[in-house]
Every structure is written in C-alpha cells, then in structure tokens.
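Taking it in order: structure first as structure tokens, then the write-up.
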Amino acid sequence: GEIAGKDISITDFQRRQEQLYGQASADPFSVREGTWQFYVREAIIQKEAAALGLGVSEDELNELLYGPNPQTVSPIIRQQLGDPQTGQIDMTRLANIRQAVEGGQIVGAELASWKSLVEQVKLDRLESKINTIAAAAVYTPSWMAEMDHNEKNQKADFRFVSVPYATIEDKEVEVTD
C-alpha cells in the first residue's frame, strides 16, 4: 500500500501488525484495519508536526520512556509494561530495561519491539502537542460565550393569527414596488 507517498511493503505491514497486536485472536479484518489506521495516523501526525516545527527531544523522550517518577512515564509504556492488576509501573524494571537497551543487551525481535514502542511514544507525544496547540487556538471570549448562551436560552411569548389569502378581497390590497 501507499500512504502520503510512502510505500508500505507487506513485510513492513505484517511486522507492524505483529508489534501492535501480537497474537491477538481478534477479527483479522479489524486487526488489518487497525494497523492501516496506525499508518494513516502516523503520516498525518508526522506531516503536521513537521509543518509546525514540532519534535520530541532526547531528554523529553527519556522522561517519557523511563521517567524520574511514574507520573511522567508515557501512558503507552504504562499500558505495555505496567502491572495488569494495578496499572502501576515498576520503576526498577524500567531502569533495568534502560540499562539493557543502552548496554546493547536487547537484540533481534526484542530490540525491534522496543524500537516500535519508542516510535509509538514519540508519535503519541507529537499528537499531544498538536492537540494542545489546536485547543489553545480555539478561544471564545467570555462575553461571546455569555451572549451565545443568552441567545440560545432566551424565551419569548407570542400569539399569532392566521388569515387565509382567499378571505381578503383584491380591492383591499394595494400593490406597490
């Protein structure tokens, strides 16, 4: 396939599908569609981030991956590496992963999986930055919000009378420009 001028080989697609869904027993169509949507989302976010001059610095990425504390760790890392029962992340485990990654002890499929996770974290952070900019760009002054509220909630009482045209004689009506 092709997204935004970038060719995606079936091998890359299947590798990404495996990284995103693993051996999930979900509907194959849903899994393929989810993988394709990941590529579309990635293309859109990267294009917009480049146009806005946004990026994720090494320090920022390290904080999202390893944190100084659990609150700064990316939700993607918490979801993938957190305790399924409590949702808490083991900071010691993260420190061990960091040492293994930086020490070159992770290789092969594990390294590819880790790199994919890092790319997902970067993409999520860029999306968050774009959303923050968009939210800040939408501003409604309080007077305008109040006026809109008043207009939508203003009530009026009125009575009307219907006069059929056929009941009015032609001579009673004066035609003007």
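Bear in mind the structure is a predicted one, so any value in this text is a computation, not a measurement. We're numbering straight along the sequence, starting at 1.
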Rounded to the nearest 0.5 Å, how far does [atom2] of [Y] lie from [atom1] of [X]?
| X | Y | atom1 | atom2 | value |
| --- | --- | --- | --- | --- |
| Met147 | Ser142 | CE | OG | 11.5 Å |
| Glu119 | Phe38 | CD | CZ | 8.0 Å |
| Asn131 | Glu48 | CG | CD | 11.0 Å |
| Leu94 | Gln99 | CG | CD | 11.5 Å |
| Ser128 | Leu123 | OG | CG | 11.5 Å |
| Leu111 | Ile106 | CG | CD1 | 7.0 Å |

Exercise for review: Could you pull out all residues at least two apart from Glu102 that satisfy side-chain hydrogen bond (donor to acceptor under 3.5 Å, both in side chains)?
Suggested key: Arg98

Check your understanding: Sequence neighbours excluded, which residues qualify as side-chain hydrogen bond (donor to acceptor under 3.5 Å, both in side chains) partners of Asn153?
Key -> His149

Review point. Side chains of Ile97 and Leu81: does their closest heavy-atom pair fall under 4.5 Å?
Key: yes

How would you list all residue pairs meeting salt bridge (Lys or Arg N to Asp or Glu O under 4.0 Å) that involve [range], not counting sequence neighbours?
| range | value |
| --- | --- |
| residues 139-159 | Asp148-Lys152 |
| residues 25-45 | Arg41-Glu127 |
| residues 67-87 | none |

Run through the side-chain heavy atoms of Ile, Leu, Val, Met, Phe, Trp and Tyr, join any pair under 4.5 Å, and report what else lands in [X]'s cluster.
| X | value |
| --- | --- |
| Ile3 | Ile8, Phe13, Trp36, Tyr39, Val40, Ile44 |
| Tyr165 | none |
| Val173 | Val161, Val163, Ile168 |

**Study point:** Contacts of type salt bridge (charged side-chain N to carboxylate O under 4.0 Å, His left out), residue Glu60, not counting sequence neighbours
**Key:** Arg125, Lys129

Which pairs of donor and acceptor atoms, one on a side chain in residues 64-71, lie under 3.5 Å apart (sequence neighbours left out)?
unit_1 : atom_1 : unit_2 : atom_2 : d
Asn69  : OD1    : Gln71  : N      : 3.1
Asn69  : OD1    : Thr72  : N      : 3.3

Practice item. Enumerate the residue pairs fulfilling side chain to side chain donor-acceptor pair (under 3.5 Å) with a member in residues 8-18, sequence neighbours excluded, ordered by first and then second residue. Key: Ser9-Asp12, Asp12-Arg15, Arg16-Ser116, Glu18-Gln23

Practice item. Using the test side chain to side chain contact (heavy atoms under 4.5 Å, CB included), find all partners of Ala109 that sit at least two apart in sequence or belong to another chain. Key: none

Review point. Should we say atom CD of Glu172 is surrounded by more than 12 heavy atoms from elsewhere, each under 6.0 Å from it?
Key: yes

Review point. If every non-hydrogen atom of Ile77 is compared with every non-hydrogen atom of Ile89, which pair is closest and at what distance?
Key: O-CD1, 3.9 Å

Check your understanding: Do you know which of Leu126, Val118, Asp124, Val121 makes side-chain contact (heavy atoms from CB on, under 4.5 Å) with Val56?
Key -> Leu126

